[in-house]
Structure formats: structure tokens, C-alpha cells
Amino acid sequence: MTLTSPHLGSPTGWTDARLLYALEEVVETELNRHLKVTKDWMPHEYVPWSDGRNFPGFFEDGEAWDPSQSKVTEIGKIALVVNLLTEDNLPSYHHEIASLFGRDGAWGTWVHRWTAEEGRHGIVMRDYLLASRAVDPDKLEQFRMVHMSEGFESDNRHSMLHSVAYVAFQELATRISHRNTGHQSGDPVCDRMLSRIATDENLHMVFYRNLLKASFELAPDLTMQAVRDVVVNFRMPGHGMPGFERMAAQMAIGEIYNMRIHHDDVLSPVLRHLKVLQIDGLGPEGLKAQEELGMFMDGLDSEASKFDEKLAARKARIAARANA
């Protein structure tokens, strides 16, 4: 994909390779900052191992899973499965970003560091779910096999710039989803674990957000178009898992992740921090993308308000039935 910028005056324009090279120094700076502020942690320290016991199979004393064994709320179970299955696709995510960003220099160091940190999330979540018997282990494994067997392809694999824009929002979306899941799980152990994961996700967001800021300085028109495309067509990486639409609807009603949260807590903070809708000096295509982005955000806010009203009415009906 060839990219062009009015600010360089180059006849060849921007390409993914040129952008990668131009951003290398920024990546190195952000990588060093990340390594200074991040803290290593041990997944096994967040798992209630003393709650664990054998499942049926090879062990004669194995105890079959039963819903009554779980301390987690129903919405917590749904969200935990979605969050874990999303993390399970890490091999595909690594392949995607390694192909786009490369494995050399600061880019490659970041790719591998990010993968290693994300790997902890899947490890600790699965161990917690099995040790605490929070969900049906057979169904969890069946879901994992189906999800990973179908493979994963990013909507933004065609462009490094689109991919940087996407992960700047997606990492924050993942952080919010984990934190809300923990708050509504009904289990303090789960809440503490997901809080630790959310801290990582926030640092990953900051890395990509700062990289996106540098992209705006290099190629503002192209970056604006990439942000517009990503925001308008945003999908969470778990959208291909079995039953995702139904589970996403339940998570929306359960206030784990919905349109209001997406608008207020994910899209708006990143756009506001980067002052995306205030950037001036754009060319015709950049200006068009900026205007379309603003209109989309206004429309999303209106749709979120309609959702808020429906959710409030639903809560009122439930409360009325409970008090009848």
C-alpha cells in the first residue's frame, strides 16, 4: 500500500516501509519508557490454587464441574470466557504484528515484549478459571478449539498505519472490558487478577497512542484517514468466536462493554488526548476524514443515548417486578 504526504514533497510518497523506518526512533523511545514503568508480575501469585481439585478423566478422585461451584456472577462468567478466548488468539496476533512491524530493531523488540506480556494474561485467566471452577472447563476448551481453528485476520492487516490506529483504541477497550468484568465478577480474587491485567493493557495503550501521535506529526492527512477508518469500522478482536454476538449483547446489558462505554471511555479519551478533531492544516482528504470522524462520533453519542434509555427502562422493569 503506497501512502503519500503533502509534507515531504517526495514523488515516491509514504510506504509502510518508509513509515516503519521513520517511526523507529519513536518506537525505541517508547519501548525504553515502557520498560522503565512496567512491573513484572507472577501469574501464579494471582491464582487461588487451594480452591483447585481434580476433574474427571485420568484421576479416580476427579470431581465433575457443576455451576454451583462457581463464585462468579453469570455476567462475569460470560465476560471472562470472551476475554480469555480473545487472549487465546495471541499466536495469530503475534503473526499479524510481526508481519507488519517486523522482527528487527526496536520494532522487533517491542513485538516480542508485547507478546510476552500478553501471554501472561491468558495464563493467569485460564489458571484462575480452572482452579476456582468458575466456568465449565469442557465447554471452555471446546470454544477455544473452535475459535482458534477458524483462524484470525485483522481488519487492518493491509496497512501499518491503520494497525497502529486500531491498537491505540483496542488496547484501551480491552483494559476497560477487563476492569468492568472484575468489578462485576462477584469475586475479589477475580477482580484483583483482572486489575493487574488491565494495568498492562493501559501501558500498551499508551505506547500505541504515543506512536499514533508521532504518526500525526509525520503524515497528518493519512493518519487522520486511518483513524477515521478504524473508528467507523471498529470491531473487537474476539468478534469471530462462537456465539460472540449473543455474548456481546449480554455484556452490553450487563454494562461490561456497550456503546456508551465505547464512546465515553475508549474512543473519546484517545481522540481528546491527541486533539484529533482540533488538528488544523490538513489537506482536502485529511479534512474530509476529520469531518466524517466528528459526525460519526456525534452519531455514536446519539445512539448510545438511545441505548442508555433502553437500559434504564429495562432496569426499572426488573426493579418493579422485584418489588411487586
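Residue numbers count from 1 along this sequence. Here the structure is a predicted model, which is why all the values come from computation and not from measurement. Just so it is clear, the values below take in all heavy atoms, side chains as well, and ignore hydrogens, waters and symmetry mates.
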Colleague: Could you name each residue pair satisfying side-chain hydrogen bond (donor to acceptor under 3.5 Å, both in side chains) that touches residues 53-62, not counting sequence neighbours?
Modeller: R53-E63, N54-D61
Colleague: List in chain and number order the residues that pass side chain to side chain contact (heavy atoms under 4.5 Å, CB included) with R192, two or more places apart in sequence or in another chain; answer none if no residue qualifies.
Modeller: Y46, V189
Colleague: Give every residue pair that meets the salt bridge (Lys or Arg N to Asp or Glu O under 4.0 Å) criterion with at least one member in residues 206-215, sequence neighbours excluded.
Modeller: none
Colleague: Return a table of donor-acceptor pairs under 3.5 angstrom between the side chains of residues 287-296 and protein atoms on other chains or two or more places apart.
Modeller:
unit_1, atom_1, unit_2, atom_2, d
Q290, NE2, V276, O, 2.9
Q290, NE2, L277, O, 3.4
Q290, NE2, I279, O, 2.9
E292, OE1, R228, NH1, 2.7

Colleague: For the residue pair D66 and S68, confirm or rule out a side-chain donor-acceptor distance under 3.5 Å.
Modeller: yes
Colleague: Apply side chain to side chain donor-acceptor pair (under 3.5 Å) to H44 and D127, showing your working.
Modeller: CA-CA 8 Å; H44 56 267; D127 286 348; over 6 Å; no
Colleague: For D229, what residues pass the side chain to side chain donor-acceptor pair (under 3.5 Å) criterion, not counting sequence neighbours?
Modeller: H162
Colleague: Run K315 and E255 through salt bridge (charged side-chain N to carboxylate O under 4.0 Å, His left out) and show every step you take.
Modeller: CA-CA 12 Å; K315 289 180 177 179; E255 298 182 89; 2.7 Å; yes
Colleague: May I ask whether M236 and I261 are part of the same hydrophobic cluster, defined by side-chain heavy atoms of I, L, V, M, F, W, Y residues being less than 4.5 angstrom apart, directly or through others?
Modeller: yes
Colleague: Test of understanding: with ring pair (Phe, Tyr, Trp, His ring centres under 6.0 Å), list the residues that count as partners of H262, not counting sequence neighbours.
Modeller: F234, Y257
Colleague: Under the side chain to side chain contact (heavy atoms under 4.5 Å, CB included) test, which residues partner L20, sequence neighbours left out?
Modeller: F101, W107, M160
Colleague: Kindly write out the residues that satisfy salt bridge (Lys or Arg N to Asp or Glu O under 4.0 Å) with R133, not counting sequence neighbours, or none if the list is empty.
Modeller: none
Colleague: Please enumerate all residues that pass side chain to side chain donor-acceptor pair (under 3.5 Å) together with E24, with sequence neighbours excluded.
Modeller: none
Colleague: I'd like to know if the side chain of D88 pairs up with that of H147 as donor and acceptor (distance under 3.5 Å, no hydrogens or angles considered).
Modeller: no
Colleague: With sequence neighbours left out, write down each residue that passes side chain to side chain contact (heavy atoms under 4.5 Å, CB included) with S305, or none if nothing qualifies.
Modeller: R260, D301
Colleague: Please list, chain by chain and in numerical order, all residues satisfying salt bridge (Lys or Arg N to Asp or Glu O under 4.0 Å) with D40, sequence neighbours excluded.
Modeller: R113, R120
Colleague: List the steps, then state whether salt bridge (charged side-chain N to carboxylate O under 4.0 Å, His left out) holds for E309 with K306.
Modeller: CA-CA 5 Å; E309 292 172 2; K306 294 177 183 177; over 6 Å; no
Colleague: Do the side-chain N and O atoms of N83 and T181 include a donor-acceptor pair separated by under 3.5 angstrom?
Modeller: yes
Colleague: Any chance you could pull the hydrophobic cluster mates of V37, using side-chain heavy atoms under 4.5 angstrom and chaining through other members?
Modeller: L203
